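Below is one structure, written out as structure tokens, with a few remarks after it.
For clarity, every value in this text was computed on a predicted model and none was experimentally measured. Sequence lines set the chain letters: A, B, ... in the order given, protein chains first and strands last, and positions in each chain run from 1.
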Amino acid sequence: MMSKCLLEREFFTRNTLQVAREILGAQLVRVVDGERLSGIIIEVEAYQGEQDLGCHASAGLTPRTQVMYGPSGYAYVYFTYGMHWMLNFVTEGEGVPAAILIRSLVPVEGLGYIAMQRVGRPRAEWTNGPAKLCKAFNITGAENGMDICRLGGPIWVERNHTIPDSSVTNSPRVGLNKVPEPWKSIPWRFRVSNEFFLD
DNA sequence: AGCACGATTAACT
DNA sequence: GTTAATCGTGCTC
């Protein structure tokens, strides 16, 4: 098997839309309790800058958003709805608050651990949502600010599939119902077509 | 100190 | 299709 290649900081220190598009098909790796969990990233969203009114950084530099203002390749993990954690990777250069939200994975390794975290739910719903995958991979505020460009850290990303443009769809970001246009409808959600994995 | 709301999910009718 | 759950965050008083 071809050796896996860690996504380096240079990968993340680029335009957020480019990072979002190109991370599709990569493999998110999580080591927890000495066990290796992983999944293929099949859906992400881009959040870029203070002017993006869908982005938390539209509130400026605050305790919550400070990780997004730092260098790329770090985890921005936040808590919402009183119960859910969300995983993002910081993009762009230092001082530019931007990130990609990881929204959906296809589980690959650690299926037993994941099944325990998602007990009672069908396999198809283990990691098909941003809060679901955090629960499945036991990702919480403890991972906020962690370096994801380091093998042996709590989370990193490896190159895997290359997804052709014909298998990628764009659409508006989810859950921004109260955000004004054009931010509400701008197509900054990137998803791998279901057909890609039927090969 | 109080308020409104959230980059969601699961369980309802 | 609708809605409860549940609390951190940022804003206003």
Side-chain angles (χ1 to χ4, degrees), chain A residues 12 15-24 26 28 30 39 41-70 72-92 96-107 113-146 148 155 157 168-192:
Chain A
F12 296 98
N15 173 275
T16 306
L17 298 179
Q18 200 171 357
V19 175
R21 165 64 182 85
E22 292 185 21
I23 205 169
L24 293 175
L28 174 69
R30 160 80 167 142
I41 298 170
I42 61 165
E43 183 181 339
V44 300
E45 286 174 355
Y47 291 86
Q48 38 178 354
E50 295 178 342
Q51 71 281 5
D52 173 6
L53 296 183
C55 181
H56 292 161
S58 61
L61 178 57
T62 67
R64 180 168 72 155
T65 63
Q66 67 169 341
V67 176
M68 275 199 285
Y69 283 80
S72 74
Y74 287 79
Y76 167 45
V77 183
Y78 70 88
F79 186 66
T80 192
Y81 292 105
M83 63 195 90
H84 300 308
W85 295 100
M86 305 278 174
L87 172 66
N88 300 253
F89 297 146
V90 176
T91 59
E92 309 273 354
V96 179
I100 55 170
L101 171 69
I102 308 302
R103 288 193 59 87
S104 189
L105 304 175
V106 175
Y113 184 99
I114 293 169
M116 290 294 289
Q117 290 291 297
R118 302 285 295 142
V119 62
R121 276 83 183 182
R123 177 169 179 159
E125 294 173 17
W126 282 352
T127 57
N128 66 334
K132 296 178 190 178
L133 68 90
C134 284
K135 175 61 179 165
F137 280 43
N138 196 18
I139 293 166
T140 70
E143 280 65 57
N144 188 42
M146 293 287 194
I148 58 163
I155 299 170
V157 186
V168 175
T169 57
N170 289 76
S171 53
R173 296 172 294 182
V174 178
L176 303 188
N177 297 310
K178 207 160 177 279
V179 171
E181 300 290 359
W183 313 109
K184 177 177 171 178
S185 298
I186 199 165
W188 286 353
R189 178 189 190 202
F190 298 78
R191 190 177 169 83
V192 179

Checking A:W126 now: which residues fulfil ring-ring contact (aromatic ring centres under 6.0 Å, His included) with it, not counting sequence neighbours? none
Donor-acceptor pair, distance only, cut-off 3.5 Å: does the side chain of A:T140 make one with the backbone of A:W85? no
Are the side chain of A:E45 and the backbone of A:R103 linked by a donor-acceptor contact shorter than 3.5 Å? no
Give me each pair satisfying salt bridge (charged side-chain N to carboxylate O under 4.0 Å, His left out) with a member in residues 172-187 of chain A, each pair once, sequence neighbours excluded. A:D52-A:R173
Students often mix this up, so state it plainly: with edges at 30° and 60°, are the rings of A:F89 and A:F12 parallel, tilted or perpendicular? perpendicular
Spacing of A:R191 atom CZ and A:S171 atom OG [to the nearest 0.5 Å]: 8.5 Å
Results of ring-ring contact (aromatic ring centres under 6.0 Å, His included) for A:Y47 - residues two or more places apart only: none
Leading and trailing nucleotides of DNA chain B with any atom under 4.0 Å from heavy atoms of chain A: B:dC5 to B:dA10
Could you go over nucleotides 2-5 of chain C and give all protein N or O partners under 3.5 Å, atom names and distances?
none

Here DNA chain C, pairs taken as Watson-Crick or G-U under 3.5 Å and shown with ( ), [ ] when crossing and | when to another strand, reads |||||.||||||.
Please check this pair: side chain of A:T65 against backbone of A:M68, looking for a donor-acceptor N/O pair closer than 3.5 Å. no
Between A:S185 (side chain) and A:P182 (backbone), is there a donor-acceptor pair under 3.5 Å? no
Residues touching DNA chain B, which here means a heavy atom under 4.0 Å, drawn from residues 127-139 of chain A: A:G129, A:P130, A:A131, A:K132
Atom pair OG1 (A:T169) and CD (A:E43), whose distance is rounded to the nearest 0.5 Å: 8.0 Å
Tightest non-hydrogen contact, residues A:V179 and A:G54, listed as CG1-N, 3.8 Å
Numerically ordered, the residues 53-66 of chain A set in heavy-atom contact under 4.0 Å with DNA chain C is A:T62, A:P63, A:R64
Taking the nucleotide of DNA chain B with the nearest heavy atom to each, does A:Y76 or A:E125 sit closer to the 5' end? A:Y76
Any residue meeting ring-ring contact (aromatic ring centres under 6.0 Å, His included) with A:Y78, in chain and number order, not counting sequence neighbours: A:H56, A:Y76
Does a side-chain N-to-carboxylate-O contact under 4.0 Å join A:R118 and A:E125? no
With side chains defined as the heavy atoms from C-beta onward, is the minimum distance between A:I155 and A:M146 less than 4.5 Å? no
Can you tell me how far C1' in C:dG1 sits from the matching atom in B:dA7, rounded to whole Å? 23 Å
Taking side chain as C-beta onward, heavy atoms only, is A:L17 less than 4.5 Å from A:Q48? yes
N/O donor-acceptor pairs under 3.5 Å from side chains in residues 130-138 of chain A, not counting sequence neighbours:
unit_1	atom_1	unit_2	atom_2	d
A:K132	NZ	A:N128	OD1	3.0
A:N138	ND2	A:Y113	OH	3.3

Which of residues 182-190 of chain A have a heavy atom under 4.0 Å from DNA chain B? none
A:F190: which residues meet the ring-ring contact (aromatic ring centres under 6.0 Å, His included) condition with it, sequence neighbours left out? none
